*Asks:* 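My structure is below; once you've seen it, I'll send some questions.
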Amino acid sequence: LSNLLWEVTGLQVATGLSGIPTATVKMLGPDGLERYVACTGTGPVDAVYKAIDQIMGVSVRLEAYQLNSVTEGIEAMATTRVVIAPLEGGPNDSISIH
């Protein structure tokens with residue numbers, strides 16, 4: 001068996017004090033097709049995961065989000081760790097007939 005995975009190939013997030021958090025996500029599917037969608041959310045991370053849910057057709061629950069600084073200053077770098085799990089009964093958890 002091969003492990004077919006999705007790959008994030010593009011990501012753009014816009015947010016601000018008076019703006020609506022919006023994420024545009026582009027992903028390459030295991031079938032070799034690239035898909036993209038834009039979503040809004042309660043924050044930038046929520047918007048990203050809503051977009052991923054729509055592209056993959058799998059609802060997920062964010063279990064952990066961790067951000068650790070690697071460098072300091074105005075151009076600081078950081079590492080991010082995200083843990084997700086499938087969410088049963090979510091909006092994408094339905095049988096489709098083609």
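Each residue takes its place number in the sequence, starting with 1. What you see is a predicted model; the values in this text were computed from it and never measured.
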*Asks:* Provide the closest heavy-atom pair for P21 versus A47 in the form atom of the first, atom of the second, distance.
*Replies:* O-CB, 3.9 Å
*Asks:* Using every non-hydrogen atom in the two residues, find where D53 and V58 come nearest and quote the distance to one decimal.
*Replies:* OD1-O, 3.2 Å
*Asks:* If you count heavy atoms of other groups shown closer than 6.0 angstrom to CD of E63, is the number above 12?
*Replies:* yes
*Asks:* Provide the closest heavy-atom pair for Q54 versus C39 in the form atom of the first, atom of the second, distance.
*Replies:* NE2-SG, 3.5 Å
*Asks:* Go through it in stages, so that I can follow the logic: the residues are T15 and T22, the test is side chain to side chain contact (heavy atoms under 4.5 Å, CB included), and I'd like the CA-CA distance, side-chain angles, deciding distance and then a yes or no.
*Replies:* CA-CA 6 Å; T15 191; T22 306; over 6 Å; no
*Asks:* Under a single-linkage definition using a 4.5 Å side-chain heavy-atom cutoff for Ile, Leu, Val, Met, Phe, Trp and Tyr, are Y49 and L11 assigned to the same hydrophobic cluster?
*Replies:*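 Y49 and L11: one cluster.
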*Asks:* Report yes or no: do V8 and V45 belong to one cluster of Ile/Leu/Val/Met/Phe/Trp/Tyr joined by side chain heavy-atom distances under 4.5 Å?
*Replies:*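 Yes, V8 and V45 fall within the same hydrophobic cluster.
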*Asks:* List for me each residue that meets side chain to side chain donor-acceptor pair (under 3.5 Å) alongside E34, sequence neighbours excluded, and say none if there are none.
*Replies:*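 T9.
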*Asks:* Counting N and O atoms only, with roles assigned by atom type, does the side chain of T40 sit under 3.5 Å from a partner on the main chain of I20, one being a donor and the other an acceptor?
*Replies:*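 No: the side chain of T40 does not pair with the backbone of I20.
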*Asks:* Can you check whether W6 reaches I55 side chain to side chain, under 4.5 Å on heavy atoms?
*Replies:*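 The answer is yes; the side chains approach within 4.5 Å.
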*Asks:* Between T24 and V37, is the side chain to side chain contact (heavy atoms under 4.5 Å, CB included) condition met? List the steps.
*Replies:* CA-CA 6 Å; T24 302; V37 69; over 6 Å; no
*Asks:* Considering only distance and modelled atom types, tabulate donor-acceptor pairs under 3.5 Å from the side chains of residues 25-33, sequence neighbours left out.
*Replies:*
from	atom 1	to	atom 2	distance (Å)
D31	OD1	L33	N	3.0
D31	OD1	R35	NH1	3.2
D31	OD2	R35	NH2	2.6

*Asks:* What's the verdict on side chain to side chain contact (heavy atoms under 4.5 Å, CB included) for Y65 and T80, showing C-alpha distance, side-chain angles and the deciding distance?
*Replies:* CA-CA 7 Å; Y65 178 82; T80 305; 3.7 Å; yes
